[in-house]
Amino acid sequence: MFGLSNLLGLVGQWEIPRRVDGHSFFQILAFITPYSKFTLVWTRRNAEINSIQLRYDIFGPSNPHHSPAIFFLHDSLGNSDYFGRQVQFFKRKGFKVVTVDSRGHGRSTTDFDIPLGYDFIYLNPGLKLTSGVFTVVALLDHLHIPKASFVGWSDGAISALNIAAKHPSRVDKVFAFSANYNTSGVMDTTLSPVFMTYINRTISEYGRLSPHANRFDDFLNQIMQMWKGQPNWTEPFVSTINSTNVWIVDGDHEEAVLRSQQDDMARWLPDAGQLLLPQVSHFAFIQDPDTFNAMLWSFLGRD
């Protein structure tokens, strides 16, 4: 997704800035509170999908007050832990919440011989030549969930929109935060101290969480190859999405995606909502979780 051509030479060289653009660093990218303070029990379950061990977790009541379930899809390089504040909020609201580490991310395994892509991050790799079955869709089947709402962040938002386009019967609502539809719509994130600090953080997390902890460079190279040419969507593809229950969302201080990307998609999806969150960036759900959760609740909680 991002313009990271120099990333391999830059990671590990950044220090956390004391101030960025007149704001303290923690106003712009607060670190996530340790999950022990969230009183969440992370059971870390695995679903084996054609040789891939997909790590997921389920929160909320066995008989949820709201239906369908919410799936949270994280950004490339990240992992499902980043949605801890959203999990806590929607668990209290009576939703069934599912978090998942996408292929090769977090605690999920991967096959380094199969390229990554928006049809492959969440795609069942063993079926990629014949059926195009998404791993998330396979996980829905595994959990006996016929339809879900999807909250996607960045590459997770791209994947959520992709699922909505290709598997519409499995999608109820999509909250697409900070998605781009074309590689021309991304900024050079190596110029952002905040974003580079996030990248450095993901290196540490990969070493701590991944079953392939010693292969971060291979993992990063796969992602960078994907970002060179994907996504490459056009108006006819995007407009196939049922936009009645879609929100296109971003922060007003976004440092990775050009605003025109959301404006274009909102125009191509005339029944979709468009939301610009104030005083936050690519990491809005961490920077201002109260506002992010309130807007998401407004979207998901309505009939």
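In this chain, numbering begins with 1 at the start of the sequence shown. If you're wondering where the values come from, they're calculated on a predicted model, not measured in any experiment.
- No chain of hydrophobic side-chain contacts below 4.5 Å, direct or via other Ile, Leu, Val, Met, Phe, Trp or Tyr residues, connects Leu276 to Met265.
- Using bins of under 30°, 30° to 60° and over 60° for the plane-to-plane angle, the ring pair Trp153/Phe283 lands in the perpendicular bin.
- Rounded to the nearest 0.5 Å, atoms OG1 (Thr291) and CG (Leu296) are 12.0 Å apart.
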Q. Taking it one step at a time, do Ile70 and Phe175 satisfy side chain to side chain contact (heavy atoms under 4.5 Å, CB included)?
A. CA-CA 10 Å; Ile70 308 171; Phe175 189 92; over 6 Å; no
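- Classification of the Phe83-Phe72 ring pair by plane angle, with boundaries at 30° and 60°, yields tilted.
- At least one side-chain heavy atom of Arg103 sits less than 4.5 Å from a side-chain heavy atom of Ile114.
- Using modelled atom types, one finds no donor on one side chain facing an acceptor on the other under 3.5 Å when comparing Asp101 with Ser108.
- No side-chain donor-acceptor contact under 3.5 Å links Ser204 to the backbone of Arg201.
- Atom CG in Asn214 sits 8.5 Å away from atom CG in Asp218 (nearest 0.5 Å).
- When each of Arg92, Lys91, Lys93 is tested with Phe95 by the rule side chain to side chain contact (heavy atoms under 4.5 Å, CB included), just one qualifies, namely Lys93.
- With no hydrogens or angles considered, no side-chain donor-acceptor pair links Gln279 and Asp252 at under 3.5 Å.
- By the 30° and 60° cut-offs, the orientation of the rings of Tyr198 relative to Phe195 is perpendicular.
- Contact between Val136 and Phe71 at its shortest, heavy atoms only, is CG1-CD2, 4.2 Å.
- No continuous path of ILVMFWY side-chain contacts below 4.5 Å connects Leu209 to Ile286, so the two sit in separate hydrophobic clusters.
- For the pair Asp75 and Ser154, the tightest heavy-atom approach, listed with the atom from each and the gap, is OD1-OG, 3.1 Å.
- To the nearest 0.5 Å, atom OG1 of residue Thr244 and atom CG of residue Asp172 are 11.0 Å apart.
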(Q) Checking Leu269 against Val238 for the side chain to side chain contact (heavy atoms under 4.5 Å, CB included) test, could you report, in this order, the C-alpha distance in whole Å, the side-chain angles of both residues, the deciding distance, and whether it holds? (A) CA-CA 7 Å; Leu269 299 171; Val238 174; 4.0 Å; yes
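- Put simply, Ile145 and Ile58 are part of the same group of oily side chains (I, L, V, M, F, W, Y) that touch within less than 4.5 Å, one to the next.
- Not one N or O on the side chain of Glu254 forms a donor-acceptor pair closer than 3.5 Å with the backbone of Arg259.
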Q: Check the pair Val246 / Leu161 against side chain to side chain contact (heavy atoms under 4.5 Å, CB included), numbers first and verdict last.
A: CA-CA 9 Å; Val246 174; Leu161 291 168; 4.2 Å; yes
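- The two residues Thr110 and His212 come nearest to each other via the heavy atoms N-NE2, 3.1 Å.
- The CH2 atom of Trp268 sits 11.0 Å away from the CD1 atom of Ile248 when rounded to the nearest 0.5 Å.
- Contact check on Arg170 versus Asp141 returns a salt bridge, with a Lys/Arg side-chain nitrogen under 4.0 Å from an Asp/Glu carboxylate oxygen.
- Between Phe285 and Phe177, the ring-plane angle classifies as perpendicular under the 30° and 60° cut-offs.
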Q: List the steps, then state whether side chain to side chain contact (heavy atoms under 4.5 Å, CB included) holds for Glu255 with Thr189.
A: CA-CA 7 Å; Glu255 64 271 88; Thr189 54; 5.6 Å; no
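- In this structure, Val151 and Leu300 have side chains that are in contact, with non-hydrogen atoms separated by less than 4.5 Å.
- Between Ser169 and Lys147, the closest side-chain pair of non-hydrogen atoms is not below 4.5 Å.
- Closest approach of Ser76 and His105 over heavy atoms only: CA-NE2, 3.5 Å.
- The CG atom of Asp263 lies 9.5 Å from the CG atom of Asp250; values are rounded to the nearest 0.5 Å.
- The heavy-atom pair separating Asp155 from Met226 by the smallest distance is OD2-CE, 3.7 Å.
- Checking side-chain atoms of Arg107 against main-chain N and O of Gln53 turns up no donor-acceptor pair under 3.5 Å.
- In this structure, Val249 and Gln262 approach most closely via the heavy-atom pair O-CG, 4.3 Å.
- In this structure, the separation between CD1 on Ile199 and CG on Leu77 is 5.0 Å, given to the nearest 0.5 Å.
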Q: Test side-chain hydrogen bond (donor to acceptor under 3.5 Å, both in side chains) on Glu205 and Tyr82 and set out the steps.
A: CA-CA 11 Å; Glu205 290 168 340; Tyr82 279 80; 2.8 Å; yes
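- Using cut-offs of 30° and 60° for the angle between ring planes, the Trp297 and Phe90 rings count as tilted.
- Using a 4.5 Å heavy-atom cutoff, the side chains of Asn182 and Gln261 are in contact.
- The closest side-chain heavy-atom distance from Asp288 to Leu277 is not below 4.5 Å.
- Two residues are said to be in side-chain contact when any heavy atoms from C-beta on lie closer than 4.5 Å; Tyr56 and Leu143 meet this criterion.
- When side chains are defined from C-beta on, Ile223 counts as touching Phe219, because their heavy atoms get closer than 4.5 Å.
- In this structure, the side chains of Asp57 and Arg45 come closer than 4.5 Å at one or more pairs of heavy atoms.
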